[in-house]
Amino acid sequence: MIFAKQAKLSSGWAANVRLTLTYGRITRIETDQVAQASDAVVDTLLPSVGNLHSHSFQRAMAGMTEYRMAGKDSFWTWRDLMYRFTANLTPEHIEAIAAFVFLEMLEAGYASVGEFHYLHHQPGGAPYDNLGELSARIAAAAGTTGIGLTHLPVMYTYGGAGQVPLQAGQARFGNSVDRFVDLVACATEAVATLPSDCRVGIAPHSLRAASPEDLKAVLAAHPTGPVHIHISEQPKEVEDIQAWLGARPVEWLLANTDVTPDWCLIHATHMTNDETVNLAKSGAVAGLCPVTEANLGDGPFNGPTYLSAGGAFGIGSDSNVLISLTEELRTLEYSQRLRDIARNVMVVDNGSVGDTLYSGAAKGGAQALGRGTGEIAVGELADLVAIDSTSASLCALQTHQLLDGLVFAAKDDVVTDVWSAGRHAVQSGRHINREPIVAAYKSAMQSLMASL
């Protein structure tokens, strides 16, 4: 049982709420109750937001790429540095980093994660004896932390638009379609050891890394479940795809592939208004990673047009340079304000921007990760986060203003508790296994730094 002094239910705010959880799902909701001795008592209960896009290993290089070299730094120069970094990572490093990242996500209020996993092989590109070795490490990290995992093995076949061969730095990523199908089978076996809310999807990396023929083949091999793809992150990417395929990335994908609500288009940043509206109409989720998109200089999302067309969206932490649920949401809105020289942009007509951002990301993230959650209602997975409305950053606000305060005025330290499919992973603001996970991460980093 969970007792909350107030909770944002699917029907609206309610006071003195008791939730009954059974096998990780909400089976009963009662209002106007009195806390019982056996209840987990919290202040304010919200549906948790799913982190729909993460490359966990990149967390270990945060802060290493912020030194300006001669010439103009860009996403592409950052990518070269990232490739060099990956050459030093062992399976043990990858598991320790992922566990620490998932801990940070849970403490920030995320109950689930979509791990867009493209680091598959040994340095140099030779596969491990177990083709799914590194996927198994991600699954082990999820098991250690209790986060809800949607594992997304990545098909990465080419080094650039036009079927350019893989570069040396991409060798650990590469798979043919047939080997990718085998890899997904191995990943599925690994994730099957986790609780039943965890699952496997697929992630064709991007149109520049997968040919149209390969994309068609892998979709035929995996006709159901989440499909995530990087799309239109950078102007150069748009130009390269247009020169090769005769259409812009989003335009080409919508015209040549059955994009359904199972799809999530990551970094749908550079779109025309027509592309924006058509993506919204497809029912797919726009996967936005505002902190990374700002850090890499990607550019802002076409938010107002997309929301007006009824588009679904969610947020992710991508490069994990900073893991903060509140910072992702506010950066999304602030990117729109800076572009438009306006305030309160990410809302249709009138209303709360904080509520629009938070509730939209909760529902869109759940959709993208294939989780039956996103709101507090009977039958939904118990992906829940509790915040302290008496904290200094929120105490002056009325209940209907709390999501505005959470998004724009608070830090993640207002999070007190997190449940992932009913697993009570964060209590009193700290992960229940914090110390050993942090110690393992620090030990792994010492080993990694010695190898650089």
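The figures here come from the full heavy-atom set of this structure, side chains too, leaving out hydrogens, waters and symmetry mates. If you're wondering where the values come from, they're calculated on a predicted model, not measured in any experiment.
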- Message: Do Trp263 and Thr260 make a side-chain contact, defined as non-hydrogen atoms from C-beta onward lying under 4.5 Å apart?
- Response: yes
- Item | is_close_aromatic(His267, His270), centroid dist under 6.0 Å | no
- Quick one: do Gln6 and Thr44 satisfy side-chain hydrogen bond (donor to acceptor under 3.5 Å, both in side chains)? Show the steps, please. CA-CA 5 Å; Gln6 54 190 354; Thr44 300; 2.9 Å; yes
- Any side-chain heavy atom of Thr326 sitting closer than 4.5 Å to one from Leu406? yes
- Message: Using side-chain heavy atoms (C-beta onward) and a distance below 4.5 Å, is Glu333 in contact with Val345?
- Response: yes
- State whether a side-chain donor-acceptor pair under 3.5 Å links Ser317 with Asn51. yes
- Query: Passes side chain to side chain contact (heavy atoms under 4.5 Å, CB included), Ile432 versus His424? Steps please.
  - Reply: CA-CA 8 Å; Ile432 56 174; His424 196 177; over 6 Å; no
- Query: How far apart are the closest heavy atoms of Ala60 and Ile97, and which atoms are they?
  - Reply: CB-CD1, 3.6 Å
- Non-hydrogen side-chain atoms of Leu307 and Met346 separated by less than 4.5 Å: yes
- Message: Any side-chain to backbone donor/acceptor pair from Gln242 onto Asp240? Under 3.5 Å, distance only.
- Response: no
- Task: For the residue pair Thr276 and Asn302, confirm or rule out a side-chain donor-acceptor distance under 3.5 Å.
- Result: yes
- Query: Judged by modelled atom types alone, do Asp262 and Thr224 share a side-chain donor-acceptor pair under 3.5 Å?
  - Reply: no
- For Pro300, does its backbone N or O pair with a side-chain atom of Glu293 as donor and acceptor, under 3.5 Å? no
- Message: Can you see whether Phe408 has Arg343 sitting over its ring - NZ or CZ less than 6.0 Å from the centre and within 45° of the normal?
- Response: no
- Would you please indicate if the ring centroids of Tyr118 and His205 are separated by under 6.0 Å? yes
- Atom pair CG (Asn273) and OG1 (Thr305), whose distance is rounded to the nearest 0.5 Å: 4.5 Å
- Task: Calculate, to the nearest 0.5 Å, the distance between atoms CD1 and CG belonging to Ile315 and Leu357 respectively.
- Result: 8.5 Å
- Task: Dump the intermediate steps for side chain to side chain contact (heavy atoms under 4.5 Å, CB included) on Asp383 and Ser112, then the final yes or no.
- Result: CA-CA 8 Å; Asp383 283 1; Ser112 56; 4.2 Å; yes
- Query: Do you see a donor-acceptor pair shorter than 3.5 Å between the side chains of Ser176 and Arg179?
  - Reply: no
- For Leu194 and Ala142, work out which heavy atoms get closest and say how close. CD1-CB, 4.0 Å
- Message: Taking the six-membered ring for Trp, are Phe301 and Tyr306 closer than 6.0 Å centroid to centroid?
- Response: yes
- Item | Short side-chain donor-acceptor distance under 3.5 Å, Thr373 and Glu380 | no
- Message: Can you confirm if the aromatic rings of His55 and His53 lie within a centre distance of less than 6.0 Å?
- Response: yes
- Message: Looking at Arg434 and Leu103, would you say the former's side chain and the latter's main chain have a donor-acceptor pair under 3.5 Å?
- Response: no
- Message: If the test is side-chain contact (heavy atoms from CB on, under 4.5 Å), which one of Ser48, Pro226, Ser420 qualifies with Arg371?
- Response: Ser420
- Item | Between Glu115 and Ser54: side-chain donor-acceptor atoms closer than 3.5 Å | yes
- Task: Using atom types as modelled and distance alone, determine if a side-chain donor or acceptor of Asp214 lies under 3.5 Å from a backbone N or O of Ala210.
- Result: no
- Query: Is there side-chain contact between Leu52 and Phe313, with heavy atoms separated by less than 4.5 Å?
  - Reply: no
- Query: Quick check: does any side chain N or O of Thr356 sit under 3.5 Å from a backbone N or O of Val347, one acting as donor and the other as acceptor?
  - Reply: no
- Going through the distances and angles, do Val250 and Val238 end up as a side chain to side chain contact (heavy atoms under 4.5 Å, CB included)? CA-CA 9 Å; Val250 173; Val238 176; over 6 Å; no
- Message: Within this structure, what is the CG-CG distance for the pair Leu397 and Asp404, rounded to the nearest 0.5 Å?
- Response: 8.0 Å
- Gap separating the CE atom of Met271 from the CD atom of Glu251, nearest 0.5 angstrom: 12.5 Å
- Query: Going by heavy atoms in the side chains, are Phe100 and Thr145 under 4.5 Å from each other?
  - Reply: no
- Message: Please check: side-chain N/O of Arg59 versus main-chain N/O of Asn320, any donor-acceptor pairing under 3.5 Å?
- Response: yes
- Note on the structure: Between the SG atom in Cys264 and the CD1 atom in Ile231, the distance rounded to the nearest 0.5 Å is 11.0 Å
- Query: Are any of the side-chain heavy atoms of Val17 and Thr31 separated by less than 4.5 Å?
  - Reply: yes
- If only atom types and distance count, is the side chain of Gln336 paired as donor or acceptor with the main-chain N or O of Gly303 below 3.5 Å? yes
- Message: In the structure I gave you, are the side-chain heavy atoms of Val321 and Leu296 within less than 4.5 Å of one another anywhere?
- Response: no
- Kindly indicate, with the supporting measurements, whether the criterion side chain to side chain contact (heavy atoms under 4.5 Å, CB included) is fulfilled by Asp318 and Phe116. CA-CA 8 Å; Asp318 192 3; Phe116 195 100; over 6 Å; no
Sequence neighbours left out, cut at 3.5 Å: what donor-acceptor pairs do the side chains of residues 149-160 make with other protein atoms?
| from | atom 1 | to | atom 2 | distance (Å) |
| --- | --- | --- | --- | --- |
| Thr150 | OG1 | Leu369 | O | 2.7 |
| His151 | NE2 | Ser135 | OG | 2.8 |
| Tyr156 | OH | Tyr83 | OH | 3.2 |
| Tyr156 | OH | Gln170 | NE2 | 3.0 |
| Thr157 | OG1 | Asn175 | O | 3.3 |
| Tyr158 | OH | Gln163 | NE2 | 3.0 |

- Out of curiosity, Leu45 CG to Leu9 CG, how far, rounded to the nearest 0.5 Å? 8.5 Å
- Task: Could you go through the salt bridge (Lys or Arg N to Asp or Glu O under 4.0 Å) check for Asp197 and Arg423 one step at a time?
- Result: CA-CA 11 Å; Asp197 60 289; Arg423 299 180 292 273; 2.9 Å; yes
Using atom types as modelled, flag every donor-acceptor pair under 3.5 Å from a side chain in residues 281-288 to any protein atom, sequence neighbours excluded.
| from | atom 1 | to | atom 2 | distance (Å) |
| --- | --- | --- | --- | --- |
| Ser282 | OG | Leu279 | O | 2.6 |
| Ser282 | OG | Ala284 | N | 3.1 |

